[in-house]
Amino acid sequence: MLSSRARLCSVQLPPKTRREKFFAAIKLGFRTAPTGFLSLRNLRVSDSIIMATSSSSPSRPSKRRRENQDEIELEGPKDSAATATATTVESSPNGAETEEKKMSPVVVFAHGAGAPSSSDWMIRWKELLAKALQAVEVVTFDYPYISGGKRGAPPKAEKLVDFHAGVAKKALAKYPGHPLILVGKSMGSRVSCMVAGEEGVDASAVVCLGYPLKGRFGGRCNKLDLLGSQLKCGKEELNLALMMKKGMNGAVRDETLLQLAVPIMFVQGSKDGFCPLEKLEPVRKKMKSVNELHVIEGGDHSFKIAKKHLLSKGSTQEEAEDQAVRAIAMFVSKCI
């Protein structure tokens, strides 16, 4: 009968990864003899040795080994929890929805000089913008000179900047992390360009719906304001009617546009006398900001298209406005 040492030598050694466990088990078994390993007669190949070792009563590990083991046990659950959390964030559908909502812009929409935010035109375009841009909110407001049903003459655009900027900052505070898009109709678009450069207004883009590149009739403003209040219509509409017959003599106002650093989009009617396209083109070339132009063929300052023009093109007013809104949505998607 072979001795214990001879039987040990005759055992087929396991692979390298288990060989180390093999000798560790032998050493541990000898230390715990006679309760652990009185002999090696019952030992078999490979895993049997490890099983025999685990069934024995090993000696108390050293202090250093106990400390290392405690550290491993403490670190293990922490890593597992972190991995589970990261996996949940990446795979959770709700997380994806939250990220998508966070990217939805908040839009601050300013009215023109002659009509408040409650006008039919503003209400319709507010709905169009909200749907096309998937905005978290489209904020409209009235400048102080026209709020509360007042019909005062609009002041210079520079005097409206502080009030407008306050509205934009409140929108940013209400929806932190959402991109801010400044949209304006006529005069409101010019003020929006000024607000975009104000401190604390981090606008991602400006959209101008009928930018008033050329000034109004100067000396006739007071008479138009008075007549507009009597006829219950704004100075803007009266200016537009006179412009069609006598032309526009105002100077080109491009200072604000040339200073602008925020991406800007112009939506202009091809028959808009406040912004002749041949006057706008050289200004766009001089601008340092990224800018785009969408033209509504046959549209006036409020994008109204004559019926004859619509019939000749086989189109409708709604189709022309839908094309403009889609162009705005594409532009905004590149800016946020």
Side-chain angles (χ1 to χ4, degrees), residues 96-112 117 121-141 164-165 167-198 200-213 256-257 259-269 272 275 277 280 283-284 287-297 299 301-303 318-336:
E97 292 177 1
T98 303
E99 185 67 20
E100 183 179 354
K101 290 180 180 179
K102 189 175 182 180
M103 292 304 294
S104 299
V106 54
V107 179
V108 174
F109 187 15
H111 62 77
S117 62
W121 194 96
M122 286 290 295
I123 293 175
R124 185 173 76 256
W125 273 87
K126 177 180 179 179
E127 295 174 352
L128 292 174
L129 292 170
K131 182 178 179 180
L133 302 182
Q134 297 182 345
V136 63
E137 183 178 356
V138 178
V139 180
T140 56
F141 62 95
H164 193 150
V167 176
K169 291 177 182 179
K170 288 180 181 178
L172 284 173
K174 184 178 180 180
Y175 300 102
H178 290 260
L180 172 64
I181 308 298
L182 299 176
V183 182
K185 167 70 172 78
S186 189
M187 181 196 71
S189 67
R190 186 163 179 253
V191 181
S192 295
C193 292
M194 298 177 181
V195 170
E198 288 291 297
V201 180
D202 186 16
S204 297
V206 180
V207 178
C208 301
L209 305 178
Y211 188 85
L213 184 61
T256 302
L257 297 177
Q259 296 173 3
L260 188 66
V262 177
I264 180 173
M265 181 175 190
F266 300 96
V267 180
Q268 303 292 150
D272 183 0
C275 186
L277 298 181
L280 178 61
V283 175
R284 290 182 58 213
M287 293 173 61
K288 61 182 179 181
S289 63
V290 175
N291 62 87
E292 293 185 13
L293 169 65
H294 178 81
V295 178
I296 299 179
E297 292 294 336
H301 190 54
S302 296
F303 309 148
E318 290 75 18
E319 290 175 351
E321 292 179 349
D322 287 342
Q323 290 177 2
V325 170
R326 287 198 296 269
I328 295 172
M330 185 176 297
F331 170 76
V332 170
S333 67
K334 294 184 292 185
C335 298
I336 60 177

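For the numbers below, each heavy atom of this structure counts, side chains included, while hydrogens, waters and symmetry mates do not.
- Taking all atoms of both residues into account, the shortest heavy-atom contact from Lys126 to Val138 is CE-O, 3.2 Å.
- The side-chain heavy atoms of Val207 and Leu209, taken from C-beta on, include a pair separated by under 4.5 Å.
- Listed here is the closest heavy atom pair of His178 and Ser104: ND1-O, 2.6 Å.
- Across all non-hydrogen atoms, the minimal contact from Ser186 to Pro212 is O-CD, 3.1 Å.
- Taking CG of Asn291 as the start and CG of Leu260 as the end, the distance is 9.0 Å to the nearest 0.5 Å.
- For the side-chain hydrogen bond (donor to acceptor under 3.5 Å, both in side chains) test, residues two or more places apart in sequence or in another chain that qualify with Glu321 are Arg124, Gln317.
- Scored by the salt bridge (Lys or Arg N to Asp or Glu O under 4.0 Å) test, Arg326 finds no partners at all (sequence neighbours excluded).
- Residues meeting the ring-ring contact (aromatic ring centres under 6.0 Å, His included) test with His164, sequence neighbours left out: Phe141, Tyr143.
- Interatomic distance, Leu293 CG to Arg284 CZ, rounded to the nearest 0.5 Å: 5.0 Å.
- Taking the six-membered ring where tryptophan is involved, the planes of Trp121 and Trp125 are essentially parallel, since the angle between them stays under 30° and well short of 60°.
- Scored by the side-chain hydrogen bond (donor to acceptor under 3.5 Å, both in side chains) test, Ser117 finds Asp142 as partners (sequence neighbours excluded).
- Legend: residues meeting salt bridge (Lys or Arg N to Asp or Glu O under 4.0 Å) with Glu198, ordered by chain and number and at least two apart, are absent.
- Between Val106 and Tyr175, the closest heavy-atom pair is CG2-CD1, 3.9 Å.
- For His294 (side chain) and Val267 (main-chain N/O), no donor-acceptor pair under 3.5 Å exists by modelled atom type.
- In this structure the side chain of Ser189 never reaches within 4.5 angstrom of the side chain of Phe266, judged on heavy atoms.
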(request) Applying side-chain contact (heavy atoms from CB on, under 4.5 Å), run through Ile296 and Asp272 and close with a yes or a no. (result) CA-CA 10 Å; Ile296 299 179; Asp272 183 0; over 6 Å; no
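- You'll find the side chain of Asp322 reaches within 4.5 Å of the side chain of Leu128, heavy atoms only.
- Counting heavy atoms from C-beta outward, Cys208 and Cys193 have side chains that approach closer than 4.5 Å.
- When all heavy atoms of Ile264 and Ser289 are compared, the pair lying nearest together is CG2-OG, 3.8 Å.
- Not counting sequence neighbours, Lys170 has no partner by the side-chain hydrogen bond (donor to acceptor under 3.5 Å, both in side chains) test.
- To the nearest 0.5 Å, atom CZ of residue Arg190 and atom SG of residue Cys275 are 12.0 Å apart.
- The two residues Lys334 and Glu292 come nearest to each other via the heavy atoms NZ-OE2, 2.7 Å.
- Taking NZ from Lys169 and CG from Leu180, the interatomic distance works out to 11.5 Å, rounded to the nearest 0.5 Å.
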(message) With side-chain contact (heavy atoms from CB on, under 4.5 Å) as the criterion, how do Ser302 and Lys185 come out once you've worked through the C-alpha distance, each side chain's angles and the decisive distance to 0.1 Å?
(response) CA-CA 8 Å; Ser302 296; Lys185 167 70 172 78; 3.5 Å; yes
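- Between Leu213 and Leu257, the closest side-chain pair of non-hydrogen atoms falls below 4.5 Å.
- Taking CE of Met187 as the reference point, atom OG of Ser192 lies at 9.5 Å (rounded to 0.5 Å).
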